[in-house]
Protein chains: 2
Amino acid sequence: MAGQVQRQTGVALWRQIADRIRQAISAGAYDETGMVPPETVLALQFGVNRHTVRSAIAALAQEGIVRAVQGRGTLIERKERLNFPITKRTRFTSGIGEQAREMRALLLSHSEEKADADVARGLKIRPGEPVVRMETVRKADGRPVSCATAWFPAARFGGMPDVYKRTESITKAFAELGLSDYVRSTTEITAVHADEADTAALELAPGAILLITKAVNTDLEGVPVQYAISRFAADRVQFTIEN
Amino acid sequence: MAGQVQRQTGVALWRQIADRIRQAISAGAYDETGMVPPETVLALQFGVNRHTVRSAIAALAQEGIVRAVQGRGTLIERKERLNFPITKRTRFTSGIGEQAREMRALLLSHSEEKADADVARGLKIRPGEPVVRMETVRKADGRPVSCATAWFPAARFGGMPDVYKRTESITKAFAELGLSDYVRSTTEITAVHADEADTAALELAPGAILLITKAVNTDLEGVPVQYAISRFAADRVQFTIEN
DNA sequence: TATAGTTGTCTATATCAATAGACATTTAAA
DNA sequence: TTTAAATGTCTATTGATATAGACAACTATA
């Protein structure tokens with residue numbers, strides 16, 4: 001864990017240190033002992049006061065990642081990072097596969113609206129044409145992984161919200177609505193700081209990072225069937241692109 | 001630009017606001033006027049004091065993104081975000097294409113070392129086998145875009161650093177060393193906060209976000225020829241995966 | 001049962017971050 | 001040439017962040 005922390009950046013030292021420790025845990029740096037190094041050691045390592053390290057550890061404990069035990073040390077409670085393969089056949093649920101015991105997809109809200117310029121471009125329709133919009137959250141083992149906004153052409157998939165709420169799967173919902181197969185056409189990936197709404201929806205540590213994907217799925221004729229903007233908790237996932 | 005700003009998160013309000021304004025500029029939110037809204041308007045929008053907005057704008061001015069002019073307003077100076085297609089034929093230089101006038105690739109340092117477990121797995125060699133390691137920075141129009149650590153099997157590409165320094169291109173260097181073509185095998189993408197070294201190398205605003213790719217390139221027989229970890233300034237790039 | 005090593009708590013102090021208000025300075029337009 | 005609208009500068013105050021040191025409390029082990 002090389003590299004010191006930075007001062008006067010607008011990001012508090014305890015948060016930088018919390019981020020670094022979370023990263024190190026997820027990378028398996030402390031697997032031998034199953035414990036985070038002692039506070040005094042970390043303080044020396046990062047070049048800060050022990051109290052600052054304690055603030056960082058308190059934040060990680062709040063997230064449920066570590067548990068400090070007086071007299072013993074700070075135990076690692078959880079260290080998962082889910083992997084999402086992004087391919088022509090990208091599917092959320094089966095993509096996670098055996099990485100979690102239970103996957104759930106919740107429909108937060110839905111509405112019918114007119115496509116704005118962005119959505120129209122994605123779905124290759126004219127701006128103003130009717131689309132169905134769904135806000136969803138997906139969880140792995142009860143832990144929120146991503147929230148997404150998805151748009152479908154209303155003419156073809158008007159029933160999507162009802163079916164999705166029941167099946168909790170885009171793939172199954174498409175199947176019931178007469179689309180037996182679909183493929184991922186494009187995926188754009190960016191990263192930003194989470195805003196308040198996403199922090200709440202994803203149960204994130206405030207100030208966390210989001211990985212954002214904008215994706216288009218098409219039927220086998222290449223006609224767009226879904227445009228989606230998904231926001232992933234960056235410290236819980238990684239993407240893999242296999243070519 | 002919905003969503004309020006969060007307090008007591010370890011991320012200063014002025015930094016959150018700076019990030020949000022930078023994002024909005026890059027998304028073209030202020031293209032009509034070419035200016036950021038007045039400080040008083042932003043303060044109301046974000047629910048903070050005008051002085052806090054001023055700190056955010058000062059940070060953006062420091063980055064060269066905006067320029068405040070007394071009596072007129074705050075002018076947008078720059079709003080680019082480079083797009084990197086990630087495909088079987090991902091190449092850095094040609095991928096940027098016409099998005100920048102000038103691309104440069106600088107070799108910071110290089111060394112010959114023994115492959116650790118991570119590198120060995122990527123290159124499908126045994127840990128301990130000799131590899132050439134290169135640290136590079138890539139710039140578009142003089143602006144740093146990414147820094148990367150790349151490893152090559154020493155037996156086959158021992159001369160890589162010299163050739164790369166001269167050609168400033170992995171593709172050209174491979175060609176000179178007898179490899180006329182190669183393909184991208186896998187790409188992993190994650191996001192973290194930048195550490196001090198990367199902040200310096202990429203001339204980043206402190207506390208900025210990095211997009212990290214771990215990629216393996218192979219020759220046409222599928223034998224790995226390069227394993228690379230690249231760190232991109234998240235507010236200057238986006239990735240596109242076309243399937 | 002000591003003892004070393006660890007986390008927990010307390011007090012105190014200095015600096016950064018944010019708010020609040022007042023007023024100066026500059027620009028562009030009426 | 002006013003005037004409105006915008007940024008620039010100053011003072012003052014409050015709360016969050018970080019450092020410093022001392023000591024208490026707990027755990028595992030020699």
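Residue numbers begin at 1 in each chain, while the letters A, B, ... track the order of the sequences. Computed from a prediction, not measured in an experiment: that's the story for all the values here.
Rounding to the nearest 0.5 Å places CZ of B:Arg67 at 14.5 Å from CG of B:Leu60. The OH atom of A:Tyr30 sits 6.0 Å away from the CD1 atom of A:Ile21 when rounded to the nearest 0.5 Å. Here A:Ile57 contributes atom CD1 and A:Ile65 contributes atom CD1; the two are 12.0 Å apart, rounded to the nearest 0.5 Å. How far CD of A:Gln45 is from CZ of A:Arg20: 8.5 Å, rounded to the nearest 0.5 Å. With rounding to the nearest 0.5 Å, the separation of OG1 in A:Thr187 from CD1 in A:Ile86 is 5.0 Å. To the nearest 0.5 Å, atom OG of residue B:Ser230 and atom CD1 of residue B:Ile189 are 10.5 Å apart.
Look at CD1 on B:Ile17: it is 12 Å from C1' on C:dT19, rounded to the nearest Å. The distance from atom CG of B:Leu44 to atom C1' of C:dT19 is 15 Å, rounded to the nearest whole Å. Per the geometry, CD belonging to A:Glu39 stands 14 Å off P belonging to D:dT19, to the nearest Å. In this structure, A:Leu60 places its CG atom 15 Å from C1' of C:dT7, rounding to the nearest Å. Per the geometry, CG belonging to A:Leu75 stands 18 Å off P belonging to D:dC26, to the nearest Å. If you take CH2 of B:Trp14 and C1' of D:dA16, they are 15 Å apart, rounded to a whole angstrom. Atom CG in A:Leu42 sits roughly 14 Å away from atom P in D:dT19 (whole-Å rounding). Computed from coordinates, the A:Arg15 CZ to D:dA16 P distance equals 16 Å when rounded to whole Å.
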- Message: Could you go through B:Asp19 and B:Ile209, starting from their C-alpha distance and side-chain angles, then the distance that decides it, and tell me whether this counts as side chain to side chain contact (heavy atoms under 4.5 Å, CB included)?
- Response: CA-CA 10 Å; B:Asp19 291 343; B:Ile209 301 177; 6.0 Å; no
- Query: Please walk me through it: do A:Tyr227 and A:Arg121 pass side chain to side chain contact (heavy atoms under 4.5 Å, CB included)?
  - Reply: CA-CA 9 Å; A:Tyr227 174 63; A:Arg121 189 168 353 103; over 6 Å; no
- Kindly determine whether A:Leu42 and A:Glu39 satisfy side chain to side chain contact (heavy atoms under 4.5 Å, CB included), including the steps that lead there. CA-CA 5 Å; A:Leu42 289 172; A:Glu39 294 168 353; 5.8 Å; no
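For the helix from C:dT1-D:dA30 to C:dA30-D:dT1, the angle separating the two terminal helix axes comes to 20°, with each axis derived from five pairs and the value rounded to 10°.
At D:dT19, one or more side-chain N or O atoms of A:Thr52 fall inside 4.0 Å of OP1 or OP2 (strictly under the cut-off).
Nearest nucleotide to the side chain of A:Asn49, out of D:dT19, C:dT19, D:dG8: D:dT19. Taking the side chain of B:Thr74 as heavy atoms from C-beta on, and the options D:dA18, C:dA17, D:dT7, the nearest nucleotide is D:dT7.
In this view, A:Glu129 and A:Arg126 satisfy the salt bridge (charged side-chain N to carboxylate O under 4.0 Å, His left out) rule, not counting sequence neighbours. Listed by chain and number, the residues in a side chain to side chain contact (heavy atoms under 4.5 Å, CB included) with A:Arg133 are A:Ser111, A:Glu113, A:Glu135, A:Thr149, A:Trp151 (sequence neighbours excluded). With sequence neighbours left out, the salt bridge (charged side-chain N to carboxylate O under 4.0 Å, His left out) criterion links A:Glu188 to no other residue.
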Write out a two-atom table: protein N or O, nucleotide N or O from nucleotides 9-12 of chain C, distance below 3.5 Å.
none

Every protein N/O within reach of nucleotides 28-30 of chain D N/O, cut-off under 3.5 Å:
from: D:dA28; atom 1: OP1; to: A:Arg72; atom 2: NE; distance (Å): 3.3

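Side-chain atoms of A:Gln70 stay outside donor-acceptor range of the base of C:dT6, with no qualifying N/O pair under 3.5 Å.
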